[in-house]
Amino acid sequence: SVALAGRCAISGAASRSFFAFFPEIKMESLWCGDILNNNALFAERRGPRVRIRDERGLWREAYHGLAAYDSMMTHSTDPRDAPEILLMRERMRAWRFYDNLRTDRHAPARQLQVGTYTPVLASDGADLAAALQTIREIGDTDALTNTITDAFPGTTLAIEPNFELLLSQQGLLRPLKVAELSDGTLRYLLLVAALLSPRPPEMMILNEPEISLHVDLLKPLARLIGQAVQHTQVIVVSHAAE
């Protein structure tokens, strides 16, 4: 568990700074268990000082010059003196946040990109075509095919050798290029690439994934998330009651 606490402080020369009203980090804590108490605590920052509890249960100072705007999670990660903080930082870095999957006409996902193996979709979705092709080659191909059919019956997905994404839909005389897809269709494909990652993280956070989606896509999305949680913890922030 991780906790941070801060408050605003203004005094003397600091009041002349543009950042005078910004919060200062006063305390950070790392502990094991559901409740923060002294027995569960193994790393703590108070003011500029960071201390770590060793294997004997004794405290040692790991850092003593931390700025009020810096975190112990980034500045006190020595593998010898503070391995616990380093381990926690690396675990947090592995979490994935998808809260800015743009679908506008200039969205990165609508631009052609050089393709490489992409087991993890970029946070802005720029490597969508490569991520989907990677799922086909080293991931769950059947799951990819089934989730596209679930959301868009009669639709097939194709990735060209130049990593151009094409979507063939019933009733249309030619496939649609990614630049021609609706915002909702593109967002759904981005979520598919994120949730079917061949390299699932410990935790994935989706912020309002329902934005731009047609109401008919909500249930297929829920089923897709349900499938993803067999391999990773997913936290979804949503305003869609359904």
Is there side-chain contact between [X] and [Y], with heavy atoms separated by less than 4.5 Å?
| X | Y | result |
| --- | --- | --- |
| Thr134 | Glu137 | no |
| His214 | Thr185 | no |
| Leu41 | Trp59 | yes |
| Arg45 | Lys26 | no |
| Asp142 | Asp140 | yes |
| Asp183 | Leu213 | no |
| Leu189 | Leu165 | yes |
| Thr147 | Gln227 | no |

Is the [atom1] atom of [X] crowded by more than 12 outside heavy atoms at less than 6.0 Å?
| X | atom1 | result |
| --- | --- | --- |
| Ile35 | CD1 | no |
| Tyr69 | OH | no |
| Arg199 | CZ | no |

Interatomic spacing from [atom1] in [X] to [atom2] in [Y] - rounded to 0.5 Å:
| X | Y | atom1 | atom2 | answer |
| --- | --- | --- | --- | --- |
| Glu90 | Met88 | CD | CE | 11.5 Å |
| Leu206 | Leu195 | CG | CG | 5.5 Å |
| Ser71 | Ile85 | OG | CD1 | 8.5 Å |
| Gln133 | Ile135 | CD | CD1 | 10.0 Å |
| Met203 | Arg91 | CE | CZ | 9.5 Å |
| Ile235 | Ile225 | CD1 | CD1 | 12.0 Å |

- Which residues pass the ring-ring contact (aromatic ring centres under 6.0 Å, His included) test with Phe152, sequence neighbours left out? Tyr188
- Verify side chain to side chain contact (heavy atoms under 4.5 Å, CB included) between Glu84 and Leu30, making sure each step is shown before the conclusion. CA-CA 9 Å; Glu84 300 89 347; Leu30 286 178; 5.6 Å; no
- Message: The test is side-chain hydrogen bond (donor to acceptor under 3.5 Å, both in side chains); show your working for Arg96 and Ser197 and say whether it passes.
- Response: CA-CA 11 Å; Arg96 295 182 202 158; Ser197 168; 3.1 Å; yes
- Message: Looking only at the side chains, is there a donor atom on one of Gln170 and Thr155 sitting less than 3.5 Å from an acceptor on the other?
- Response: no
- Task: Check the side chains of Arg110 and Thr103 for a donor-acceptor pair under 3.5 angstrom, ignoring hydrogens and angles.
- Result: no
When you measure from the side chain of [X] to the backbone N and O of [Y], does any donor-acceptor pair fall under 3.5 Å?
| X | Y | value |
| --- | --- | --- |
| Glu208 | Ser238 | no |
| Trp31 | Gly33 | yes |
| Ser212 | Gly184 | no |
| Asp127 | Ala122 | yes |

- Checking side-chain hydrogen bond (donor to acceptor under 3.5 Å, both in side chains) for the pair Glu202/Thr232: CA distance, chi angles, key distance, verdict? CA-CA 5 Å; Glu202 279 191 343; Thr232 184; over 6 Å; no
Write down the atom of [X], the atom of [Y], and the distance for their closest heavy-atom approach.
| X | Y | value |
| --- | --- | --- |
| Leu221 | Pro209 | CD2-CB, 4.1 Å |
| Ser29 | Glu44 | OG-CG, 4.4 Å |
| Leu144 | Leu132 | CD2-O, 3.8 Å |
| Leu101 | Gly125 | CD2-N, 4.0 Å |

- Item | Worked verdict on Tyr98 versus Leu121 for side chain to side chain contact (heavy atoms under 4.5 Å, CB included) | CA-CA 9 Å; Tyr98 292 105; Leu121 178 73; 3.6 Å; yes
- Message: One pair to check against side chain to side chain contact (heavy atoms under 4.5 Å, CB included): Leu196 and Leu224. What are the steps and the verdict?
- Response: CA-CA 8 Å; Leu196 293 183; Leu224 176 60; 3.8 Å; yes
- Message: Under the criterion salt bridge (charged side-chain N to carboxylate O under 4.0 Å, His left out), I'd like the reasoning laid out for Asp124 against Arg102: C-alpha separation, chi angles, the key distance, then a yes or no.
- Response: CA-CA 7 Å; Asp124 64 356; Arg102 288 173 48 194; over 6 Å; no
- salt bridge (charged side-chain N to carboxylate O under 4.0 Å, His left out) partner of Glu61, chosen from Arg49, Arg46, Arg53, Arg51: Arg49
- salt_bridge(Lys177, Glu180) N-O dist < 4.0 Å: no
- Query: By the rule that ILVMFWY residues connect when side-chain heavy atoms come within less than 4.5 angstrom, directly or transitively, which residues belong alongside Tyr117?
  - Reply: Ile138
